[in-house]
Amino acid sequence: MLKSDSPFATRIDPTKDTLSREQIYFIRQAELEQWKRKTSKLRTRNVVTGLGIGALVLGIYGYTFYSVSQERIMDEIDEEAKRSRLSGPKTGAN
């Protein structure tokens, strides 16, 4: 058992030291509080990470729709140019 000079910071090993039920209960309560604090921080980080990934996915999805719609516009312009070439007067420049 490690002993500290400070009365409130004594380290104990629950597997080697004999502890009363009250001491074990207090240790479990302290561990539970620490676990709750850590999980709330992790939950916040997970939410922020999830929102970031979701925003990235939606951005890629939106850009894909935008680029596909631009391709349709370019296809329409190409079709219009082809029709005008076919229906226009034939000259040496065509």
Side-chain angles (χ1 to χ4, degrees):
M1 180 161 114
L2 288 172
K3 292 280 183 172
S4 169
D5 292 338
S6 180
F8 60 87
T10 305
R11 288 189 175 263
I12 58 169
D13 186 3
T15 59
K16 294 180 182 175
D17 297 330
T18 55
L19 300 173
S20 68
R21 284 188 162 184
E22 291 83 20
Q23 289 172 325
I24 292 173
Y25 178 76
F26 178 75
I27 290 171
R28 286 187 180 156
Q29 290 299 319
E31 288 174 345
L32 182 64
E33 287 301 317
Q34 289 175 351
W35 182 78
K36 284 181 182 178
R37 269 188 263 130
K38 287 179 183 177
T39 55
S40 69
K41 287 180 185 176
L42 282 175
R43 186 174 296 123
T44 302
R45 287 182 189 165
N46 287 345
V47 167
V48 169
T49 302
L51 289 174
I53 291 172
L56 180 69
V57 167
L58 287 175
I60 292 171
Y61 190 71
Y63 176 75
T64 303
F65 268 103
Y66 177 74
S67 64
V68 167
S69 69
Q70 291 296 317
E71 286 179 17
R72 278 197 216 130
I73 291 171
M74 292 305 293
D75 289 342
E76 290 173 7
I77 291 172
D78 289 342
E79 285 293 322
E80 187 178 323
K82 188 186 288 185
R83 276 185 263 136
S84 67
R85 268 189 268 133
L86 292 175
S87 64
K90 299 292 181 190
T91 62
N94 291 4

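Hydrophobic cluster of Tyr66: no remaining members, since no ILVMFWY side chain lies below 4.5 Å from it. Leu51 belongs to a hydrophobic cluster whose other members, connected by ILVMFWY side-chain contacts under 4.5 Å either directly or through intermediates, are Val47.
The CZ atom of Arg83 sits 11.0 Å away from the CG atom of Asp78 when rounded to the nearest 0.5 Å.
For the side chain to side chain contact (heavy atoms under 4.5 Å, CB included) test, residues two or more places apart in sequence or in another chain that qualify with Leu56 are Ile60. Applying the side chain to side chain contact (heavy atoms under 4.5 Å, CB included) criterion to Glu22, with sequence neighbours excluded, gives Ser20. In this structure, the ring pair (Phe, Tyr, Trp, His ring centres under 6.0 Å) partners of Phe65, at least two apart in sequence or on a different chain, are Tyr61.
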Contacts under 3.5 angstrom, residues 33-40 side chains, donor-acceptor by atom type, not counting sequence neighbours:
residue: Thr39; atom: OG1; partner: Trp35; partner atom: O; Å: 3.0
residue: Thr39; atom: OG1; partner: Lys36; partner atom: O; Å: 3.0
residue: Ser40; atom: OG; partner: Arg37; partner atom: O; Å: 2.9

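Counting heavy atoms of neighbouring residues, nucleotides and ligands inside a 6.0 Å radius, atom CD of Glu80 does not exceed 12 of them.
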